[in-house]
Amino acid sequence: MKKIFYPIFLLLLSLLAWTACDKIDEPLTLIGEEDFPENIDDTLFYVDSTLVSRKQVLLEDFTGHKCVNCPEWGIFAHELAAELDHKLIIISIHAGYYATPDASGDYTADLRTDAGTQLYEDFQIFANPTGLINRDEYNGSILVYPDYWEEAINTQLEKDPVATLSVKNKYFPNLNTVVIDLNAVALSDIEGKYKVAVYLTEDHVISPQKNNNPEVGPTPDWLDFEHMGLLRGAINTTYGAYISENGEMVTGEIYSREYIYKLNDDWVAANCNVIVYLYNEDTWEVVQVAELGIKTE
Amino acid sequence: MKKRSVKLFLLLMMLPAMSFAQGVLSGGKVTGNVQVDAQYYSNDDKLGITDSTLNYKKFGMNGFANLIYTNGNFSAGARFEGFLNPMLGFDPRYEGVGVPYWFAKYKVGTLEMTAGHFYEQFGSGLILRSWEEWTLGYDNNIYGFDAHFSPYKGVMLKGLVGVQRYFWEPYESGSRGIVKGFDADFYFNDMFGGMADSKTMITLGGSFVSKYEKVPSYTFTTDSAYYTVNEVGDTINWINQKTYEMNLPHNVGSWAARANLSNGGFSFYVEYAEKGNDPNATNSYIFKKGQALYSTLSYSRKGLGLFFATKWIDNMSYKSKLTEAGNPPMLDINYLPAISKEHPYSLATMYPYATKRNGEFGVQGQIVYTIPKKSKLGGKYGTNITVNYSLAKSIEKDTITSAITKSMTGTDGYKTSFFSIGDLTFFQDINVMVERKFNKKVKAKVAYYNQTYNKNVIEDDIFNDDEMVDANIGVIDFTYKFNRRNSLRTELQGLWTPEDKGDWFAITLEYNISPKWFFSVMDEYNYGNPAEKMKIHYYNVSFGFTQNTTRISLRYGRQREGLLCVGGVCRYVPASTGLTLTLTSSF
């Protein structure tokens with residue numbers, strides 16, 4: 001009798017597996033989220049999006065409009081970004097002594113921001129220009145001087161991307177407001193807690209800049225200097241927010257965030273860029289960065 | 001598909017001839033039967049029937065022919081069907097002719113293999129039963145492979161894979177699910193030598209069934225309002241819209257376990273079944289598991305029969321296509337046994353019971369007692385008394401509502417506890433029938449029924465008690481036999497209810513000239529209908545002729561609207577007037 005029961009028992013087990021059943025623990029999954037102005041007249045919008053899956057590098061260039069050495073290196077950085085097919089994303093942060101506006105004269109413009117000043121102080125920047133390149137150490141220091149920017153940037157670019165970032169900007173012209181949807185996905189197991197910071201920069205801002213290098217422009221005052229990547233503000237605070245509930249990321253999982261930001265009416269929306277970067281809270285290292293302009297028509 | 005079916009049918013028809021030619025299958029036997037129901041409809045002002053309401057289909061015909069070839073361990077057969085046009089009350093999607101059922105079966109040793117279409121049942125059918133009921137237009141046959149195998153004495157294994165019939169629609173990937181199933185029965189008295197002579201018979205069984213289907217995509221959106229204020233105090237009001245997708249299971253499994261014990265006149269059967277999360281159109285796409293319990297207990301000895309049955313069903317609609325709903329019920333994988341008595345008298349069937357597959361408690365008890373013949377009460381031939389009671393009620397449901405779908409959709413639907421009984425009555429039937437033969441010429445039946453019928457629940461799946469019908473029905477059925485061949489049966493029926501269509505009276509006179517002829521006149525009169533113009537006579541005149549295994553009957557008259565139910569599965573029959581021809585024959 002046992003001879004027959006064992007095969008039947010095995011048969012039953014195998015058939016149990018064969019007659020499958022999908023247990024659904026989460027019947028409803030969030031697949032999309034959109035924000036619209038309640039006023040129907042304001043619902044006109046323009047949308048643009050980008051997906052960054054290659055390795056990109058963030059250069060936070062601490063500068064000031066009265067810093068005479070800064071234009072040269074700022075221009076160098078942007079030329080390098082073009083050479084690198086814009087794998088290099090630049091935020092030009094006016095902070096510190098050289099950024100203070102004068103009461104009168106050519107340098108009355110205040111290009112500083114609260115976020116920039118906080119970064120300047122927290123990272124103990126003491127000279128301009130100074131860069132943070134992915135906020136990672138180069139030659140034992142997190143502060144990288146311009147002579148080493150290219151080497152440090154190339155070092156970062158040699159790393160494999162560990163996360164992707166996708167950004168969608170929806171600009172409502174009647175409200176001069178941008179709704180930013182971002183998704184982050186870890187491509188491999190990454191340890192630690194991750195935050196995402198969202199900043200706004202503006203290109204083509206014409207404002208005087210001191211300069212001591214005649215090869216790049218007028219000296220000593222470059223009155224119609226075209227500032228690029230000028231930090232205008234931190235959209236979700238200086239240090240951003242956890243990408244997930246506790247900051248941890250599971251490979252392949254999509255983490256989404258949405259932010260709404262009303263632009264200052266003095267800024268030119270078409271020249272503005274949203275910059276999103278993902279960084280490790282413990283090491284400060286920026287593991288991915290994306291930049292997306294605002295489409296206004 | 002129809003063309004393909006016809007080809008297969010012709011091939012099957014040719015099989016015997018081909019085989020005969022080869023001299024291989026000599027000695028085969030061909031059997032078959034045919035039924036044709038044809039109706040010619042006429043306009044009827046009283047019933048509001050016009051050419052337009054008939055869709056200009058003045059003629060309806062439902063017919064089938066079964067042909068089965070058997071030769072030793074091999075058999076093959078087919079059923080040809082035609083619905084030209086489908087008779088009133090049958091789904092118009094049946095329109096057409098073809099061969100929706102054919103099979104080839106052979107047996108080698110203890111293995112029996114069927115290829116083609118087949119009907120199968122595991123246990124009482126709680127998780128799988130494919131069956132056909134011509135009068136309902138119900139057919140959920142499975143097209144695929146079915147195997148029965150006995151590896152050991154007393155052990156019977158069954159396995160099947162296939163797709164179910166859906167009118168004439170051929171199976172295509174995604175059109176409906178694929179059903180797989182396995183069943184085992186263990187007859188202990190056959191398996192164990194020591195129990196062979198035991199008066200106690202024990203059988204245990206179990207089944208697994210699963211369906212696979214490509215699932216559709218359903219999304220839901222929610223809107224919530226909020227506002228933002230920027231640094232300079234500008235306020236913007238926003239709508240946040242979230243979109244959710246429902247995760248529907250591709251595979252839905254079920255299992256059942258059962259036991260049957262009998263000893264002498266006692267017999268006890270119990271079966272319990274569970275079904276995995278199966279959101280579908282019939283249960284409002286809830287993700288709760290299904291449960292069912294069905295049990296019967298019976299006792300019989302000479303002159304006495306006792307029967308008791310109960311069932312408890314929760315979320316057990318199980319179809320091979322999750323979007324399928326409505327009538328006629330199609331693509332049912334399982335069957336939930338009815339536990340009410342089916343009555344032979346027309347007014348007693350006016351308020352029939354229909355199984356509520358997504359939640360129902362039921363109980364039935366029946367006593368059949370024969371007062372012995374030649375006793376004072378029993379008379380010369382004895383008297384049969386049948387008392388039957390059946391009740392169907394709701395089960396307790398504590399509803400869960402999703403904030404996303406604003407309904408039970410996308411949740412477990414509700415909470416309930418096993419074998420809970422709700423307050424809402426679906427159906428109740430108390431009936432008594434006394435049957436007595438007075439002498440060689442006279443016999444009579446007298447019956448009384450008290451029925452409670454929740455019209456909203458049974459007919460429209462609206463779960464309240466706003467349309468309860470409480471009906472009392474009385475029947476006298478009197479047969480007088482003039483001689484060995486001639487008899488007259490008279491049937492008087494009355495139905496009294498203050499609800500629905502009010503009171504009815506019915507009379508039937510049926511004259512039989514055995515064995516070939518019968519003539520019948522019948523009238524059902526709705527004299528108590530609250531609407532004066534609906535106080536209608538539903539008259540019928542019919543006769544029939546029987547010759548050997550062939551029977552032809554012709555009927556002219558009115559058909560009242562209502563539900564026709566067999567085994568708790570129902571079909572709506574609309575009112576009609578016309579001539580009906582029925583032909584049945586077998587060979």
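Every value quoted in this text rests on a predicted model; they were computed, and no experiment measured them.
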What residues of residues 267-279 of chain A sit under 4.5 Å from chain B when only non-hydrogen atoms are counted? none
Suppose a student defines contact as a heavy atom less than 4.5 Å from any heavy atom of chain B. Which residues in residues 165-173 of chain A would they list? A/F172
Examine whether an atom of A/T177 lies under 4.5 Å from a heavy atom of chain B, and if so say whether it belongs to the side chain, the backbone or both; otherwise answer neither. side chain
Please confirm whether the backbone N or O of A/P37 pairs with a side-chain atom of B/N237, one donor and one acceptor, at under 3.5 Å? no
Can any side-chain N or O of B/N247 pair as donor or acceptor with the backbone N or O of A/E26 at less than 3.5 Å? yes
Hey, are the side chains of [X] and [Y] touching, using non-hydrogen atoms and a 4.5 Å cut-off?
{"X": "A/I24", "Y": "B/P249", "value": "yes"}
{"X": "A/I31", "Y": "B/T219", "value": "yes"}
{"X": "A/V179", "Y": "B/W238", "value": "yes"}

Taking only residues two or more places apart in sequence, or in another chain, which ones meet B/E271 in a salt bridge (Lys or Arg N to Asp or Glu O under 4.0 Å)? none
A/D266: which residues meet the salt bridge (Lys or Arg N to Asp or Glu O under 4.0 Å) condition with it, sequence neighbours left out? none
How long is the span from the NZ atom in A/K23 to the CG atom in B/N251, to the nearest 0.5 Å? 14.5 Å
Do you know the tightest heavy-atom contact between B/N240 and A/E33? ND2-OE2, 2.9 Å
Closest heavy-atom contact between A/L28 and B/S402? CD1-OG, 4.0 Å
Chain A heavy atoms under 4.5 Å from B/S224: which part of the residue, side chain, backbone, both or neither? neither
